[in-house]
Amino acid sequence: MPELPEVEVLARHLRPLLNGKIIRSVEVRRAKVLQPTSVSRFQKELCGAKFVGLHRRGKYLLFELRQTGEREILLLLGHLGMTGRMYLAPKHVPLPKHAAVVMHLGARKFIYEDARYFGRLTLDISAVEKLGAEPWDNNFSAERFYKKLKTSRQPVKVKLLDQALIAGVGNIYASEALFRAGISPRRAANKISLARTEKLLAAIRAVMQEAIDCGSTIPLNFAGRQKPDGLFYFGRAAGTPDYYVERLCVYDRAGQPCVNCGRPVKRMVQAARSTFYCPHCQKE
DNA sequence: CACCATGTTCCTTG
DNA sequence: CCAAGGAACATGGT
């Protein structure tokens with residue numbers, strides 16, 4: 001469930017649940033997700049530690065932990081990959097098939113499960129240093145965005161997925177933001193005007209903020225495995241009965257009418273990923 | 001069986 | 001050296 005808005009909503013959900021909880025023991029069922037941290041080091045560092053904070057950076061979660069009586073804060077980095085989930089469950093419930101890491105917290109346990117094991121839960125936090133700006137970072141102006149885009153001839157859609165440029169945009173919200181800004185996904189990054197870049201940055205922020213608001217409003221079951229559980233790509237804001245009615249404008253809507261002009265939404269492949277767009281509303 | 005999937009990293013090619 | 005493209009990772013859904 002993994003672009004910036006989903007991770008942000010998850011962080012807000014988990015923060016109060018984990019805060020103050022002490023890790024009694026750690027079960028690693030798939031060592032791959034800890035890499036390059038070893039299972040023994042992971043267990044040694046985490047056992048007895050207390051959760052004292054939780055932050056999001058891009059699509060990453062940063063858990064802050066502290067051993068009793070110690071000053072130093074230990075950082076644990078989480079990433080959900082494509083199919084990762086993190087949630088708390090009562091201690092006695094059976095583990096899901098793809099549980100990768102389980103932290104026993106007493107009455108409850110913290111579960112990281114991931115059907116495809118593309119995600120991470122590791123003490124190696126080096127990935128965060130490589131990230132670009134947060135979309136709302138005051139230091140990240142349209143001018144700076146524009147200068148970054150100037151250095152590449154790649155299609156703008158592909159550049160939006162570059163986490164070193166701007167952190168947190170994934171395949172769904174890249175298409176949505178470009179539709180919102182009226183920019184063709186095919187447009188070369190270095191050929192976008194400053195004025196268009198301003199529209200694009202505003203669109204990215206708006207699309208992300210609306211998704212966060214949506215995810216904060218609709219009922220979510222983070223432990224569930226049904227389609228809308230813990231996800232809100234397909235949610236509609238406010239707790240209306242039809243909350244999983246399509247909310248996105250173009251993503252996964254190939255062949256359906258554009259919400260703007262009524263002409264069919266198209267799908268194409270860029271850098272081996274699907275892009276959805278309206279050829280009429282998004283000119284080159 | 002074929003093809004698709006919210007992400008990142010590594011290898012190859014030009 | 002760099003940018004760009006594609007495969008790999010591993011599993012499940014349609």
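Below, chains carry the letters A, B, ... as their sequence lines are ordered, and counting in each starts from 1. The shown structure was predicted, so the numbers you read here are calculated from the model rather than taken from an experiment.
Nearer to the 5' terminus of DNA chain C, by closest-nucleotide assignment, is the contact made by A:Thr151 (compared with the other of A:Thr151 and A:Ala272). When the nearest nucleotides of DNA chain B are assigned to A:Gln163 and A:Arg116 by heavy-atom distance, the more 5′-ward of the two goes with A:Arg116.
Across all strands, A:Lys97 comes closer than 4.0 Å only to sugar-phosphate atoms, never to a base (heavy-atom distances). Across all strands, A:Ala115 comes closer than 4.0 Å only to sugar-phosphate atoms, never to a base (heavy-atom distances).
Side chain to side chain, A:Ser274 and A:Arg267 meet the donor-acceptor criterion of an N or O pair below 3.5 Å.
In this entry the distance linking CD of A:Gln270 with P of B:dA5 reads 13 Å, nearest Å. The distance between atom CG of A:Leu77 and atom P of B:dT9, rounded to the nearest whole Å, is 10 Å. One interatomic measurement links the two molecules: CZ of A:Arg273 to C1' of B:dT8, which rounds to 9 Å at whole-angstrom precision.
Taking every heavy atom of residues 117-137 of chain A and every atom of DNA chain B, pairs under 4.0 Å involve A:Phe118, by number.
In the 5' to 3' direction, nucleotides of DNA chain C lying under 4.0 Å from heavy atoms of chain A begin and end at C:dA3 to C:dG12.
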Notebook entry, point to check: Passes side chain to side chain donor-acceptor pair (under 3.5 Å), A:Glu198 versus A:Tyr146? Steps please.
Noted result: CA-CA 8 Å; A:Glu198 282 167 1; A:Tyr146 176 73; over 6 Å; no
What does the list of N/O pairs under 3.5 Å between the protein and nucleotides 12-14 of chain B look like, with a distance for each?
none

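Each of A:Lys157, A:Glu3, A:Glu176 was scored for a side-chain hydrogen bond (donor to acceptor under 3.5 Å, both in side chains) with A:Asn171, with one residue passing: A:Lys157.
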